[in-house]
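Here the structure comes first, spelled out in structure tokens, and everything after it is commentary.
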Amino acid sequence: MGKKITNKSNQRWFSIWRWGAIALLISAIAACSNAPDPNLTTSDAESTEPIEAEVADAPPTATADRIVTLTPLTADLVQTLDEDKLVGVPGSSLIRQDSRFATLEIVSEGRTEPDLEKIIALEPDLVIGALGFHDKSLARLQEHGVDTLAVDVTSWEALEALTEDLAQRTNTNPDSLLARYDACLAQAPETSPDALVLVSRQPLLSPNKASWAGDFLAQFNIQNVTAELQGESPFDGYITLSEEKVLTADPDMLLVVETDNTLLEALKGDPFWGELAATQTNQVYTFDYFGLVNPGSLASIEATCSKLAELSPS
């Protein structure tokens, strides 16, 4: 317990194109073997997002009555706060599977840019997108006089701040949502063993503390062995690992993030896998991409809380 990976030489730089491919395979939303992607956290399960959270704009100045959202999480938050004010949503699998959004206009598909003509036709007074992913689209909408908000949720504190901001913009009360967050985190045990989260195999990719996943583990008192590491990666909050570093860390638990049910099977074929204490003691757990890596929706966040609370290493 308490083992730390030592930060040695940086892993070689992977091109943005290759990372995009990894992220796409992460869900067919996400990664060749599960890696975070700006799409996934923003608009789709077949696409990928960076990871949604801090409100990047100035404090709200007016109430919004017609809102278009470009990410599943913000669509869920606005719909929960005031369903009548949501008029457009992203073409995400999370959205398509939820009957609450069945009658709403879909303004984006997969990894393609949002349909600005369709958005403008909806006459929104607020469009919400993902910081770093929808910047160009939001800028063009501002040129047409549409108010925009860019968000990047990388912690529970950021989720709470975003919820309060959206409640202010919709003139609603955020208390019921904030109570759900409290109930979710109340499931956290007082102490937990150390763990390593793997979201990709080639390269081995893991979250540090500057990510939604890293903060989620900290909230549940799980000692993330990569929490303090920094390194080269196109994705903020994630670092690449060598097999040697994983073996040195030898965590009590391994949390494998699946999007297409292939990552764990692929890892089992690697020579180092069988040498880990967690694999030898059966302390390997799979998690969905939505919830642990990308907040995704309120339901996926709550499901992840429940699953983390059930972890019981021997």
Side-chain angles (χ1 to χ4, degrees), residues 38-39 41-44 47 49-92 94-96 98-154 157-178 180-181 294-298:
N39 262 348
T41 58
T42 79
S43 67
D44 203 78
S47 69
E49 270 179 37
I51 301 174
E52 223 181 288
E54 291 172 14
V55 177
D57 289 1
T61 56
T63 298
D65 294 315
R66 295 181 62 80
I67 301 174
V68 170
T69 65
L70 305 179
T71 78
L73 178 60
T74 53
D76 199 355
L77 293 175
V78 172
Q79 198 281 339
T80 303
L81 288 167
D82 188 340
E83 62 182 78
D84 294 331
K85 294 187 176 179
L86 186 63
V87 297
V89 294
S92 162
L94 290 177
I95 296 296
R96 294 184 184 281
D98 193 328
S99 61
R100 294 177 301 160
F101 305 106
T103 61
L104 295 178
E105 186 77 27
I106 292 178
V107 298
S108 66
E109 291 292 345
R111 295 172 58 85
T112 61
E113 290 189 13
D115 187 328
L116 298 188
E117 289 186 6
K118 187 178 289 187
I119 292 174
I120 293 171
L122 291 172
E123 301 183 345
D125 43 29
L126 177 63
V127 176
I128 308 171
L131 182 66
F133 184 68
H134 292 122
D135 294 359
K136 182 187 298 185
S137 296
L138 295 181
R140 291 175 63 188
L141 287 166
Q142 288 176 347
E143 293 173 359
H144 285 82
V146 179
D147 190 19
T148 65
L149 175 68
V151 301
D152 179 26
V153 182
T154 56
E157 182 179 1
L159 175 62
E160 292 171 353
L162 173 60
T163 300
E164 292 173 344
D165 182 70
L166 292 179
Q168 210 172 354
R169 291 173 184 265
T170 55
N171 194 27
T172 56
N173 190 329
D175 288 352
S176 61
L177 277 175
L178 297 177
R180 287 174 67 175
Y181 303 160
N294 173 357
S297 68
L298 296 171

Check whether more than 12 heavy atoms from other residues, nucleotides or ligands sit under 6.0 Å from atom CZ of Arg140, and answer yes or no.
no
Note: Lys85-Asp65 ion pair, threshold 4.0 Å (strictly below)
yes
Calculate, to the nearest 0.5 Å, the distance between atoms CG and CD1 belonging to Leu104 and Ile95 respectively.
8.5 Å
With side chains defined as the heavy atoms from C-beta onward, is the minimum distance between Val78 and Arg169 less than 4.5 Å?
no
Can you find a pair of side-chain heavy atoms, one from Val127 and one from Asp147, that are under 4.5 Å apart?
no
Considering all heavy atoms of both residues, which atom of His134 and which atom of Pro114 are nearest to each other, and what is their separation?
CD2-CG, 3.9 Å
Indicate yes or no: at least one non-hydrogen side-chain atom of Thr69 is less than 4.5 angstrom from one of Phe101.
no
For Val89 and Glu105, what are the C-alpha separation, side-chain angles and deciding distance, and is it a side-chain contact (heavy atoms from CB on, under 4.5 Å)?
CA-CA 6 Å; Val89 294; Glu105 186 77 27; over 6 Å; no
Under the side-chain contact (heavy atoms from CB on, under 4.5 Å) criterion, do Leu86 and Arg66 qualify, and how do the steps go?
CA-CA 6 Å; Leu86 186 63; Arg66 295 181 62 80; over 6 Å; no
So which heavy atom on Ala150 is nearest to which on Leu131, and how close?
CB-CD1, 3.9 Å
Rounding to 0.5 Å, atoms NZ (Lys136) and CG (Leu141) come to a distance of 13.0 Å
Quick check: closest heavy atoms across Pro72 and Leu94, and the distance to 0.1 Å?
CB-CD1, 4.0 Å
Quick check: do Asp125 and Val146 have side-chain heavy atoms less than 4.5 Å from each other?
no
Hey, could you give me the CD/CG distance between Glu157 and Leu162, rounded to the nearest 0.5 Å?
12.5 Å
d(Asp98 CG, Asp76 CG) to nearest 0.5 Å is 7.0 Å
So, for Val107 and Leu122, which heavy atoms are closest and what is the spacing to 0.1 Å?
CG1-CD1, 3.9 Å
For residues Leu81 and Ala167, report the shortest heavy-atom separation together with the two atoms involved.
CD1-N, 3.7 Å
d(Asp165 CG, Thr170 OG1) to nearest 0.5 Å is 9.0 Å
Please check: side-chain N/O of Asp135 versus main-chain N/O of Gly132, any donor-acceptor pairing under 3.5 Å?
yes
Please report the C-alpha distance between Leu77 and Leu177 in whole Å, then the side-chain angles of each, then the deciding distance to 0.1 Å, and finally whether the side-chain contact (heavy atoms from CB on, under 4.5 Å) criterion is met.
CA-CA 8 Å; Leu77 293 175; Leu177 277 175; 4.1 Å; yes
4.5 Å side-chain heavy-atom contact, Leu166 and Ile67:
no
Any idea which heavy atoms bring Ala75 and Pro90 closest together, and the distance?
CB-CD, 4.4 Å
Determine, stepwise, if the pair Leu73 / Ser297 fulfils side-chain contact (heavy atoms from CB on, under 4.5 Å).
CA-CA 5 Å; Leu73 178 60; Ser297 68; 5.6 Å; no
Rounded to the nearest 0.5 Å, how far does CD of Gln168 lie from OG1 of Thr63?
8.5 Å
Taking the side chain from Asp115 and the backbone from Ser108, do they hold a donor-acceptor pair closer than 3.5 Å?
no
For a side chain to side chain contact (heavy atoms under 4.5 Å, CB included) with Leu70, tell me which candidate from Val151, Ile128, Ile119, Thr148 qualifies.
Ile119
Between Glu109 and Arg96, does any NZ, NE, NH1 or NH2 come within less than 4.0 Å of an OD or OE carboxylate oxygen?
yes
